[in-house]
Protein chains: 2
Amino acid sequence: MATGRTHRPATRSRGIPEATVARLPLYLRALTALSERSVPTVSSEELAAAAGVNSAKLRKDFSYLGSYGTRGVGYDVEYLVYQISRELGLTQDWPVVIVGIGNLGAALANYGGFASRGFRVAALIDADPAMAGKPVAGIPVQHSDDLEKIIQDNGVSIGVIATPAGAAQPVCDRLVAAGVTSILNFAPTVLTVPDGVDVRKVDLSIELQILAFHEQRKAGEEHPDGAAPPAAAREESDESADQGPDGDVPAVMPA
Amino acid sequence: MATGRTHRPATRSRGIPEATVARLPLYLRALTALSERSVPTVSSEELAAAAGVNSAKLRKDFSYLGSYGTRGVGYDVEYLVYQISRELGLTQDWPVVIVGIGNLGAALANYGGFASRGFRVAALIDADPAMAGKPVAGIPVQHSDDLEKIIQDNGVSIGVIATPAGAAQPVCDRLVAAGVTSILNFAPTVLTVPDGVDVRKVDLSIELQILAFHEQRKAGEEHPDGAAPPAAAREESDESADQGPDGDVPAVMPA
DNA sequence: CCATCTTTGTGCACGCGTTCACAAAGACAT
DNA sequence: ATGTCTTTGTGAACGCGTGCACAAAGATGG
């Protein structure tokens with residue numbers, strides 16, 4: 001759930017509902033774990049439990065992909081892994097570039113989950129000349145002057161933006177102009193892109209604020225009168241929210 | 001987007017729909033930017049554009065909070081900033097702990113958006129004894145043996161998990177037992193928690209897979225016959241998806 | 001070959017979220 | 001004070017997503 005969702009409204013892609021697509025990676029992860037334990041088949045009930053969803057929902061999700069189960073038995077794990085991988089497009093190689101190699105960009109570059117799912121870090125790009133040539137996660141950082149060339153030479157269609165907020169839109173524009181059609185945005189900004197380009201947004205600050213809302217609600221239920229939390233955060237401040245301009249601060253990066 | 005959403009089904013909290021709560025931080029960010037530019041009032045149309053949403057949706061969202069606008073004029077920026085901050089619980093101090101100080105945990109610790117929204121990093125916790133005492137982002141890392149004491153001494157109710165997947169559930173259990181009731185999970189695992197505990201999930205791998213799905217779809221529309229992408233990723237592989245066990249790999253961490 | 005038992009696949013109903021479209025409300029000028 | 005003009009706030013319709021509940025399908029045993 002991280003999630004914020006800057007996305008097309010509800011253009012269900014080829015009959016598969018967006019909500020289902022979002023769950024397929026979840027199923028895939030659970031199935032991969034079963035596959036590693038050499039489990040041959042799994043029932044919708046078991047798999048649903050492993051993925052943390054309702055079994056009816058899971059069966060309906062799979063029904064959009066086709067009838068891959070056997071009644072009275074369940075689903076063949078290996079076959080399902082293959083079908084979902086194929087549906088998600090993970091049976092092909094996806095070169096990605098990461099733009100903005102700060103704390104977060106470096107963490108992403110080191111992410112192990114990339115390669116194991118068909119994603120390959122084709123290049124790391126940063127605007128700081130001092131970073132150029134320096135290896136991060138074994139890959140030398142390249143300067144953003146060469147962004148267009150890098151995109152084209154590597155046939156990159158997926159870009160990850162981990163820059164400060166102020167740089168995000170310009171970088172996005174350049175990525176799109178160079179041919180990128182899917183963007184994962186970690187910068188705390190609303191990106192404007194032309195039709196046909198997909199943007200997904202990951203925003204730590206938003207997730208925390210949503211948690212705070214529910215946390216406050218829980219606290220408020222115990223003390224119906226108002227603000228004071230149970231045993232947690234005391235020192236109720238009046239004006240702590242509008243102190244700092246963080247609009248120009250990267251998603252995860254030294255302030 | 002990003003987000004995966006492990007969350008309560010649809011228990012709308014005190015009449016404010018979950019979908020609205022998820023958008024409030026977006027509005028708040030746009031309003032903060034306006035406030036810094038000393039813009040006194042803003043119309044629903046303008047603000048909606050800045051936040052990247054429909055203006056009708058924005059007005060309906062605000063209507064759940066109360067009637068804070070003036071017809072014919074718009075909304076008072078400062079007043080709205082305050083109201084949304086209060087609604088989200090950002091007018092109080094929220095101490096948070098980050099567990100798992102790897103690449104990602106360190107990046108989160110350095111995140112500038114924390115303090116500016118009322119969140120305060122109360123402690124960094126890691127299981128590696130070699131990390132203990134070492135300062136990250138100016139805060140000394142503490143060993144996980146002291147987790148319970150740290151939580152209680154600081155009155156922490158929000159925890160961030162950035163550990164490898166295998167460690168996530170045990171850490172989660174300990175956090176919950178110590179009194180944490182909201183968890184932001186970066187580990188690629190489904191966390192099981194008792195009722196009353198909120199979990200939000202951020203999963204990079206899932207976001208990328210969703211993008212890959214749409215990317216493949218776009219490519220497939222141009223070449224109706226099948227798999228070959230337009231100019232991007234060539235070298236179509238058959239078996240690249242089920243190679244690596246990444247079920248035990250942290251969200252963002254060296255494999 | 002038939003009966004039984006398990007598990008899938010899905011028709012259906014319900015509720016949340018989104019969007020349209022408009023009446024009500026207030027600002028502002030005359 | 002009255003009329004006009006702008007913008008909010010919301011009633012209503014629609015569509016997507018979810019979950020129930022059950023019939024159909026196949027496995028398995030006698």
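Because the structure is predicted, anything quoted here is derived from the model rather than measured. Naming: A, B, ... by sequence-line order, numbering from 1 per chain.
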Provide, to the nearest angstrom, the distance between the CG atom belonging to N54(A) and the C1' atom belonging to dG9(C). 14 Å

For R86(A), which residues count as a side chain to side chain contact (heavy atoms under 4.5 Å, CB included) partner, sequence neighbours excluded? Y68(A), Y82(A), Q83(A), T91(A)

Nucleotide dC16(C), atom P - distance to CD1 of I16(B) in whole Å: 15 Å

R23(B) meets the salt bridge (charged side-chain N to carboxylate O under 4.0 Å, His left out) criterion, sequence neighbours left out, with D61(B)

May I have the distance from D61(B) (atom CG) to dT19(C) (atom C1'), rounded to whole angstrom? 12 Å

Counting just side-chain N and O atoms, does K60(A) come under 4.0 Å of either OP1 or OP2 of dT10(C)? no

Checking S44(A) now: which residues fulfil side chain to side chain contact (heavy atoms under 4.5 Å, CB included) with it, not counting sequence neighbours? S55(A), L58(A), R59(A), Y75(A)

Between dT10(D) atom P and L65(B) atom CG, what is the distance in whole Å? 12 Å

Given salt bridge (Lys or Arg N to Asp or Glu O under 4.0 Å), test R29(A) with D203(B) step by step and report yes or no. CA-CA 12 Å; R29(A) 177 171 295 151; D203(B) 195 317; 2.7 Å; yes

By the ring-ring contact (aromatic ring centres under 6.0 Å, His included) test, which pairs, at least two apart or in different chains, include something from residues 22-52 of chain B? Y27(B)-F62(B)

Atom NZ of K57(B) to atom C1' of dA12(D): distance rounded to whole Å? 18 Å

Please tabulate the protein-to-nucleotide N/O contacts below 3.5 Å involving nucleotides 2-9 of chain D, giving atom names and distances.
from, atom 1, to, atom 2, distance (Å)
dT7(D), O4', G72(B), N, 3.0
dT8(D), OP1, S44(B), N, 2.5
dT8(D), OP2, S44(B), OG, 2.6
dT8(D), O2, R71(B), NH1, 2.8
dG9(D), OP1, G69(B), N, 3.0
dG9(D), OP2, Y75(B), OH, 2.6
dG9(D), O4', R71(B), NH2, 2.9
dG9(D), N7, R59(B), NE, 2.9
dG9(D), O6, R59(B), NH2, 3.2

Among pairs that include at least one residue of residues 166-175 of chain B, which meet side chain to side chain donor-acceptor pair (under 3.5 Å), considering only residues two or more places apart or in two chains? E148(B)-R174(B), Q169(B)-D173(B)

